[in-house]
Amino acid sequence: MPTIDALSERLTQYLSNAQIKQVCRAYFYAEQAHEGQRRRSGEPYIIHPLAVANILTDMHLDHQSLMAAMLHDVIEDTGIPKSALTLQFGEVVTELVDGVSKLTHIDFASKEEQQAENFQKMAMAMAKDIRVILVKLADRLHNLRTLGSLKPEKRRRIARETLDIYAPIANRLGLNSVRVEMEELCFEGIYPMRSSMIRKAVKTARGRRIEMMEDFAGSIRNRLSESGITARVFGREKHLYSIYNKMRDQRKSLSDIMDVFGFRIVTDSPDDCYRTLGAMHSLYKPVPGRFKDYIAIPKTNGYQSLHTTLIGSGGVPIEIQIRTEDMEAMANHGIAAHWLYKSESDQASGTQRARQWVQNLLELQKNAGSPIEFVEHVKVDLFPDEMYVFTPKGKIFELPSGATPVDFAYAVHTDVGNHCVACRIDKKLAPLSARLQNGQTVQIITAPSAQPNPAWLNFVVSGKARSNIRNYLKNQRHSESVVLGERLLNKALNALGKTIEEIDQMHLDLVLKETDLESLEALLADIGSGSRMAPLIARRLLVANKETDIDFQHITTSPLTIKGTEGMVISFAKCCSPIPGDPIVGHVSSGKGLVIHTENCRNVQELRDNPEKCVHLSWDKEINSEFTVDLKVYMENRRGIIVEVASAVNQADANIEKINVNEKDARLSVTYLTLSVQGRKHLARTIRRLRTIRGVTKIVRVKHH
């Protein structure tokens with residue numbers, strides 16, 4: 001049973017006497033506070049905080065974290081107020097205790113929305129002080145070690161939650177030894193039968209392997225001493241949970257997995273790592289494509305190592321990891337190595353990266369519209385299959401596998417993402433939706449006027465890109481809705497002989513109260529997005545004024561002008577694809593804003609029944625945007641005619657977006673063209689050009705009803 005004296009003895013390795021005294025003081029305070037409380041197993045409750053502090057001592061965590069470990073259940077279980085702790089132990093320790101208590105409250109088994117909110121709270125606590133999550137992980141690890149005393153149902157729930165939430169966080173922070181132990185204990189908690197079967201089988205297989213392991217280890221040591229390299233060589237045992245996962249996901253049999261031998265070689269310097277690699281490749285043949293250099297390019301959590309797979313005598317595969325002592329510490333303790341070895345130089349990279357990740361969480365949280373959206377973004381970042389790409393100047397960025405240039409642009413900087421228009425991959429122009437490969441160099445081309453495209457959401461994979469695009473579009477849509485709403489309301493008021501300026505504040509307040517909105521801007525945004533009808537709001541604003549006598553019967557309205565560059569709140573109906581010059585009418589559609597149809601479109605006839613939703617429109621005189629239009633061209637089936645069609649379109653200064661040839665018979669073919677033109681006159685000019693081609697018999701503008 002752990003005791004405070006044994007712990008104090010261990011702490012003398014790295015803490016000062018004054019600090020150890022403070023840790024002991026926290027212990028005695030907690031012991032008193034938990035007096036009479038027992039754990040499920042029947043032990044005195046204080047055993048748990050002491051065990052948590054012991055786990056943190058393995059990581060050489062600072063005295064404040066250890067004090068928080070001792071006190072982490074005090075606020076929760078003993079009714080001692082937060083203020084009393086602050087008086088006794090100061091602000092920092094109390095904040096840590098409070099952070100851990102809040103995390104203890106989190107119930108991830110509850111429904112999705114609740115769970116998502118809880119996850120957000122956890123991100124916030126981590127961002128405030130990373131030590132909060134380290135204490136929480138140690139607390140959870142000790143709870144898992146004592147799962148046996150719980151009912152099977154609760155045991156499974158805690159294990160499942162740990163695999164979903166806490167083990168990935170331990171992995172992300174590089175706490176490998178914590179993660180592995182968590183996974184092993186959870187595996188046993190959820191699948192006791194499978195776990196014990198695999199354990200027995202591994203034990204049996206291990207017996208047969210010992211001799212071979214010794215042989216290989218002997219050959220490796222000999223080769224290293226011949227090369228004058230000093231190193232520790234030891235076998236790596238596979239963990240039960242990882243064996244189970246490989247069997248399940250890769251459909252491998254246990255013998256397939258156990259036939260692979262794993263060794264770790266720990267040397268003195270990065271230089272020796274590469275020399276060791278050379279020595280190993282001359283000892284056994286390497287398997288092509290299985291070499292990974294995580295020293296030059298560390299993983300997100302700061303992990304560094306060289307990985308290679310060799311074919312030993314008798315065709316047996318040997319997996320080898322080569323690293324320095326510092327890297328070994330980093331691999332096992334991750335962000336905690338920062339406390340473990342105060343040598344900032346090497347460890348800083350891993351610690352920095354972990355802190356950077358927590359900062360990213362904060363940014364995601366700020367941009368996320370809802371907790372569920374936040375969790376969706378974080379899940380991507382918690383389970384990354386990393387891939388590394390370079391900027392043209394050689395800076396490395398890591399991205400989740402399957403990432404695209406847009407993900408890369410947002411990883412560089414939010415502004416680069418928001419304004420990217422094109423990219424070069426390894427100096428060649430490539431689409432923004434291309435899937436990046438490891439080691440490519442990516443250059444992003446930006447334009448100040450560019451903005452994110454909603455279509456990007458169909459292919460980006462990183463949480464940062466997704467949340468930034470959504471956030472930008474949301475804000476953009478809001479401001480465009482306000483502008484359109486103002487135009488629609490002004491138009492409706494003009495029809496009644498008034499302007500927005502003439503509405504007095506009292507009426508506006510009355511209407512805002514009725515609509516449950518906070519400001520005129522919110523009201524305009526609602527009108528612009530189609531959630532409220534401008535004519536109704538206009539009347540409401542005026543009728544509130546009893547003196548106003550409006551003759552609603554004789555309303556004349558001047559049409560609203562359309563430029564085609566109004567943004568997302570104005571869209572052109574796919575059924576009739578209106579272009580400048582076509583007589584048009586607008587339909588106010590909830591959530592979509594203003595949808596524009598041609599006047600004779602069949603779909604509009606049904607909409608005319610509700611005049612409140614229809615808006616008189618006209619085209620602006622100065623239009624220079626492009627519009628798409630579909631044509632159906634009947635022509636002879638002769639060689640070279642398609643080239644002539646393309647040439648005629650080009651001469652008319654139009655552009656072919658899409659071309660599709662449907663053969664009717666040997667002599668006649670029907671070709672569908674999607675063109676981009678500037679308006680009706682431009683279209684007429686293009687059609688005239690097409691008519692001059694020999695063999696073109698008929699041209700029809702297509703409407704999709």
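This chain uses plain numbering: 1 for the first residue, then up along the sequence.
Counting heavy atoms of neighbouring residues, nucleotides and ligands inside a 6.0 Å radius, atom CZ of Arg251 does not exceed 12 of them. Heavy-atom neighbours of Gln37 CD from other residues, nucleotides or ligands within 6.0 Å: above the threshold of 12.
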| request: Let me see the working for Ile322 and Ile295 under side chain to side chain contact (heavy atoms under 4.5 Å, CB included), right down to the final yes or no. | output: CA-CA 10 Å; Ile322 306 165; Ile295 292 181; over 6 Å; no

| request: Output, in order, the C-alpha distance, side-chain angles, deciding distance and verdict of side chain to side chain contact (heavy atoms under 4.5 Å, CB included) for Met280 and Leu310. | output: CA-CA 8 Å; Met280 291 304 95; Leu310 312 168; 4.0 Å; yes

| Criterion side chain to side chain contact (heavy atoms under 4.5 Å, CB included) on Arg39 and Asn143, from CA distance to verdict | CA-CA 10 Å; Arg39 301 196 79 210; Asn143 283 335; 3.0 Å; yes

| side chain to side chain contact (heavy atoms under 4.5 Å, CB included) between Glu319 and Arg290, intermediate numbers included | CA-CA 9 Å; Glu319 290 174 351; Arg290 292 297 304 273; 3.8 Å; yes

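Pro270 and Met327 get closest at one heavy-atom pair: CG-CE, 4.3 Å. Across every non-hydrogen atom of Ala331 and Asn176, the tightest pair is O-CB, 2.7 Å. Annotation for Pro286 and Thr308: closest pair CB-OG1, 4.4 Å, computed over non-hydrogen atoms. Heavy-atom minimum distance, Leu56 versus Tyr14: O-OH, 4.4 Å. Taking every heavy atom of both residues into account, Gly99 and Val132 meet most closely at C-CG1, 3.7 Å. Smallest separation of non-hydrogen atoms from Ile80 and Ala33: CD1-CB, 3.6 Å.
A donor atom on one side chain and an acceptor atom on the other are found under 3.5 Å apart for Thr162 and Arg140. With 3.5 Å as the limit, one finds a donor-acceptor pair spanning the side chains of Asp268 and Thr230. Of the N and O atoms on the side chains of His48 and Asp139, at least one donor lies less than 3.5 Å from an acceptor on the other residue. Using modelled atom types and a 3.5 Å distance limit, the side chains of Ser8 and Asp5 yield no donor-acceptor pair. Under the 3.5 Å distance criterion, with hydrogens and angles disregarded, a donor-acceptor pair is assigned to the side chains of Tyr303 and Arg323. Residues Asp73 and His34 bring no donor and acceptor atom of their side chains to less than 3.5 Å of each other.
Salt bridge Glu95/Arg131: absent, no basic N to carboxylate O contact under 4.0 Å. Salt bridge status for Glu161 with Arg157: present, with a side-chain N to carboxylate O gap under 4.0 Å. The existence of a salt bridge linking Arg466 and Asp407 is excluded, since no basic side-chain nitrogen approaches an acidic carboxylate oxygen closer than 4.0 Å.
Taken from CD in Gln13 to NE2 in His60, the straight-line distance is 5.0 Å, to the nearest 0.5 Å. Distance check, rounded to the nearest 0.5 Å: CE of Met70 to OG of Ser65 gives 12.0 Å. Distance check: Phe261 CZ to Arg236 CZ gives 12.5 Å after rounding to the nearest 0.5 Å. Note that the OG1 atom of Thr57 and the NE2 atom of His63 stand 13.0 Å from one another [nearest 0.5 Å]. In this structure, Met197 CE and Leu240 CG are separated by 12.5 Å, a value rounded to the nearest 0.5 Å. Here Thr276 contributes atom OG1 and Ile229 contributes atom CD1; the two are 4.0 Å apart, rounded to the nearest 0.5 Å.
Within the 4.5 Å cutoff, the side chain of Pro49 has heavy atoms near those of the Ile46 side chain. You'll find the side chain of His72 stays beyond 4.5 Å of the side chain of Lys136, heavy atoms only. A heavy-atom distance below 4.5 Å is not found between the side chains of Asp326 and Gln304. A 4.5 Å side-chain heavy-atom check between Tyr166 and Leu141 finds every atom pair outside the cut-off. Counting heavy atoms from C-beta outward, Ile4 and Phe28 have side chains that approach closer than 4.5 Å. You'll find the side chain of Asp293 reaches within 4.5 Å of the side chain of Phe291, heavy atoms only. Taking 4.5 Å as the limit, some side-chain heavy atom of Leu144 sits within range of a side-chain heavy atom of Leu147. Side-chain contact between Arg232 and Ile265 is absent, with no heavy atoms from C-beta onward closer than 4.5 Å.
Residues in residues 178-195 take part in these salt bridge (Lys or Arg N to Asp or Glu O under 4.0 Å) pairs, two or more places apart or across chains: Arg145-Glu181, Arg179-Glu183, Glu188-Arg199.
Side-chain atoms of Ser242 do not come within 3.5 Å of backbone N or O of Lys238 as any donor-acceptor pair. In this structure a side-chain-to-backbone donor-acceptor pair under 3.5 Å is present from Thr86 to Lys82. In this structure a side-chain-to-backbone donor-acceptor pair under 3.5 Å is present from Arg38 to Gly42. Checked by atom type and distance alone, the side chain of Asn468 pairs as donor or acceptor with a backbone atom of Lys464 at under 3.5 Å.
Remark: aromatic rings of Tyr244 and Phe187 are close, center separation under 6.0 Å. Taking the six-membered ring for Trp and the full ring otherwise, Tyr294 and His307 have centroids separated by under 6.0 Å.
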